[in-house]
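Residues take their numbers from the sequence shown, with the count starting at 1.
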Amino acid sequence: MPTLNWIGKATVEKHHKEVPFRLLEPMAELSCGVADSGNLIVQGDNLHALKALLPRYAGQVKCIYIDPPYNTGNEGWVYNDNVNSPEIRKWLGQVVGKEGETLDRHDRWLCMMYPRLLMLKQFMHDEGMIFVSIADDEVHHLRILLDEIFGANNRVASFVWRTDGNFDNQAKVKVCHEYVLCYARNISKLPHPKVIDPSTEEGSKLFNKHIRNTIVKNGPKNPVSSVFLPRGFPADFEEDEIQVKSNWPKYNSSIKVNNGKLIEGVEAESGWSSKNLLLKFIETDFKPVIDTKGQKTRFVVTSTGAIESIKERENASHVISVLSGVGSTQSQSATLKEMGFEFSFPKPVDLISYLISIHPDKELIVLDSFAGSGSTAESTLRQNAIDGGSRRFILIEMDENIAQNITRDRVSKIINGYSTHKGTKIQGLNTGFQFNKLSAEPLFNAEGPIRSDVTFEQLAEFVWFMETGTGLNESILNSHKKHNSPYLGQYKDRAIFLLYNGILKDKTDIGGNVLNNRSLEVLEAGLANFVGPKVVYGARSRFDKTKLAKLGITFHQLPYELAVKTWF
């Protein structure tokens, strides 16, 4: 397979391994709402933040959306990764784009993106997918880079987003589109999506579920046939007509109703291809209709009040790779301005909501490591409100001012509700998030020992990740807080334990941090029926190798044997 080479690639290919593990430090005063919502906002360099989150979420994220810098040559973003290479130190310490249209800005952009994409891959569940927004400046480089990291066979789609006016008026050719490249962790295990064209899907810009409050005067531009409901239909009137309109006026017709009951049907020449199904749809109080061929006809209501039919086979679906009707940066900027924020080129909520909805899992984690204004958080919460999902978001924003005064404040308003500058009251979504900063010092001191203020739960996450390459389940961490158990759980054929920080109520040399007869009894008591191998991390072991082999125990001394394994 062809690969991409650039100046500095050899240095950054393993740079993620040199990034130290840091701790997440919750900031209660910057958090919002429900404390255990599972939503996170992390302020800090996204490479370091991803490394800090990895022990908890490795292999657990099913949806990633990122909107990295487009590298147009006119941007003012800085990513200094302190890579130990003269040419990288020279380039990455500067503002990318400072030199304008020079070739080396592409090298620097690739040096920034490579370790971050490699890190993001480790978060992905086997059923996970990643969406990356990009424009013409780097789309060709990004596609080859994603092919190399995720595999060309895991390329799902290259979405073209019609940006509804986001084009340069000075250009000879008006470019009114951008791209969203989508890749899977393992495309053979990716569930079949259950969404349709975003221009008509429920929850999209064109959908309006408040049928009874809509009056329609003019038909929509796109559908061949549309049905229009009068105000209050079907319960609040005695007799009225449902108009059936077509793009071709000669096919216009109507359905007469009385007290919500059909009294006159559509004429054959109306041009409505699903006439009989439409009538049944009305008679059965607007429930999906299955025809004799096993096809389901769904009807959605657009923002104009029109009902449009969508016929699909049971359990079948499709995704359109050309995205339209899902907002623009101009419309999102205007919305943010009404909320009291100024932010350049924010991604529209409708776009990200649609991308999130492509994955059928409604309980997944959505990760965004280039959070910006926080559109991904709002999209996640809005999509939950639309389809009853319980998705959670994790946002990472490097800039402290943006993270606290835009990202955090915007998501807080979405949760708590707010009034626009025009006085319109927007209802809140009643959830919450935890705001975190990265610890100034890494998990390990410069000399090697574990920092003295590291808790059992924090080290447990790290131990589990280094032993298994996966994130530690949150329910296991909660059980430690309640029961003070050294048992972390079973992974494949082995049970894993951590003797640390007085978990057995004793920090003495013969106490809870040392594997001895007393701690062995505790370890074995909770696993009476377990006959597989055991892995124990602790300060010391009182048993020699022969004894450990008879007990079926592999012992790792803290901290020296903690960072031996690497999973990527």
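Within the 4.5 Å cutoff, the side chain of C111 has heavy atoms near those of the W6 side chain. Two residues are said to be in side-chain contact when any heavy atoms from C-beta on lie closer than 4.5 Å; T335 and F341 fail this criterion. At a threshold of 4.5 Å between non-hydrogen side-chain atoms, the residues F435 and V42 do not count as touching. The side-chain heavy atoms of C63 and I365, taken from C-beta on, include no pair separated by under 4.5 Å. Annotation: side chain of S321 is not in contact with side chain of V160 (no heavy-atom distance under 4.5 Å). L395 is not listed as a side-chain neighbour of N39, based on a closest heavy-atom distance of 4.5 Å or more. The shortest distance between side-chain heavy atoms of L47 and M119 falls below 4.5 Å.
The nearest pair of heavy atoms linking S37 to T431 is CB-OG1, 3.6 Å. Between H192 and P360, the closest heavy-atom pair is O-CG, 3.8 Å. Contact between A184 and F150 at its shortest, heavy atoms only, is O-CD2, 4.1 Å. Between I134 and P69, the closest heavy-atom pair is CD1-O, 4.3 Å. Among all heavy-atom pairs drawn from I187 and N154, the shortest one is N-OD1, 2.8 Å. The two residues A135 and Y70 make their nearest non-hydrogen contact at CB-CD2, 3.4 Å.
Between the side chain of K121 and the backbone N or O of I149 there is at least one donor-acceptor pair closer than 3.5 Å. In this structure, S379 contributes its side chain and V349 its backbone to a donor-acceptor pair below 3.5 Å. Using a distance-only test at 3.5 Å, with no hydrogens or angles considered, a donor-acceptor pair links the side chain of R116 to the main chain of M112. Side-chain atoms of S357 come within 3.5 Å of backbone N or O of Y354 as a donor-acceptor pair.
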L336 vs I406, side-chain contact (heavy atoms from CB on, under 4.5 Å): CA-CA, chis, key distance, verdict: CA-CA 10 Å; L336 289 181; I406 297 181; 5.9 Å; no

side-chain hydrogen bond (donor to acceptor under 3.5 Å, both in side chains) assessment of S331 paired with S328: CA-CA 5 Å; S331 63; S328 65; 3.3 Å; yes

Does the pair L323 and L351 meet the rule for a side-chain contact (heavy atoms from CB on, under 4.5 Å), with working shown? CA-CA 8 Å; L323 307 180; L351 169 66; 3.7 Å; yes

Check step by step if salt bridge (Lys or Arg N to Asp or Glu O under 4.0 Å) holds for R382 and D387. CA-CA 9 Å; R382 297 289 185 201; D387 60 20; over 6 Å; no

Let's go through Q43 and E397 carefully: what are the C-alpha distance in whole Å and the side-chain angles of both, what is the deciding distance for side-chain contact (heavy atoms from CB on, under 4.5 Å) to 0.1 Å, and is it a yes or a no? CA-CA 5 Å; Q43 189 263 305; E397 172 53 41; 5.7 Å; no

Begin from the C-alpha positions of D147 and Y183 and carry the test side-chain contact (heavy atoms from CB on, under 4.5 Å) through to its verdict. CA-CA 9 Å; D147 280 352; Y183 283 70; 2.6 Å; yes

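Contact check on K189 versus E127 returns no salt bridge, with no Lys/Arg side-chain nitrogen under 4.0 Å from an Asp/Glu carboxylate oxygen. Using a cutoff of 4.0 Å between basic side-chain nitrogens and carboxylate oxygens, K51 and D45 are not scored as salt-bridged. Look at E148 and K9 and you find a salt bridge, because one of the NZ, NE, NH1 or NH2 atoms lies within 4.0 Å of a carboxylate O, short of that distance. R392 and E363 are not joined by a salt bridge, as no carboxylate oxygen comes within less than 4.0 angstrom of a charged side-chain nitrogen.
For the atom pair NE2 of H141 and CH2 of W109, the computed distance is 8.5 Å after rounding to the nearest 0.5 Å. In this structure, Q383 CD and F393 CZ are separated by 15.0 Å, a value rounded to the nearest 0.5 Å. Of the inter-residue distances, the one linking I130 atom CD1 with I64 atom CD1 reads 4.5 Å to the nearest 0.5 angstrom. In this structure, CG on L53 lies 8.0 Å from CG on L438, to the nearest 0.5 angstrom. In this structure, CE in M129 is found 12.0 Å from CG in D361, a value given to the nearest 0.5 Å. Once rounded to the nearest 0.5 Å, the distance linking CD1 of I396 with OG1 of T407 reads 12.0 Å.
Contacts of T380 classified as side-chain hydrogen bond (donor to acceptor under 3.5 Å, both in side chains), with partners at least two apart in sequence or in another chain: none.
At a cut-off of 3.5 Å, with distance as the only test, no side-chain donor of R162 or H177 sits close to an acceptor on the other residue. Side-chain contact, R391 with N384: a donor N or O sits under 3.5 Å from an acceptor N or O. Between the side chains of S133 and D67, not a single donor N or O lies within less than 3.5 Å of an accepting N or O.
Annotation: N430, atom CG; neighbour count of heavy atoms from other residues, nucleotides and ligands within 6.0 Å does not exceed 12.
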Validation: residues 410-421 side-chain donor-acceptor distances under 3.5 Å, sequence neighbours left out:
residue: R410; atom: NE; partner: E378; partner atom: OE1; Å: 3.1
residue: R410; atom: NH1; partner: S373; partner atom: O; Å: 3.3
residue: R410; atom: NH1; partner: S373; partner atom: OG; Å: 2.8
residue: R410; atom: NH1; partner: S375; partner atom: OG; Å: 3.0
residue: R410; atom: NH2; partner: S375; partner atom: OG; Å: 3.4
residue: R410; atom: NH2; partner: E378; partner atom: OE1; Å: 2.8
residue: S412; atom: OG; partner: R408; partner atom: O; Å: 2.8
residue: K413; atom: NZ; partner: M339; partner atom: O; Å: 2.4
residue: N416; atom: ND2; partner: S412; partner atom: O; Å: 3.3
residue: T420; atom: OG1; partner: E338; partner atom: OE1; Å: 3.4
residue: T420; atom: OG1; partner: K422; partner atom: N; Å: 3.3
residue: T420; atom: OG1; partner: G423; partner atom: N; Å: 3.4
residue: T420; atom: OG1; partner: T424; partner atom: N; Å: 3.1
residue: H421; atom: ND1; partner: K337; partner atom: O; Å: 3.4

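A side chain to side chain contact (heavy atoms under 4.5 Å, CB included) with N436 holds for exactly one of L40, I394, L30, I41; it is L40.
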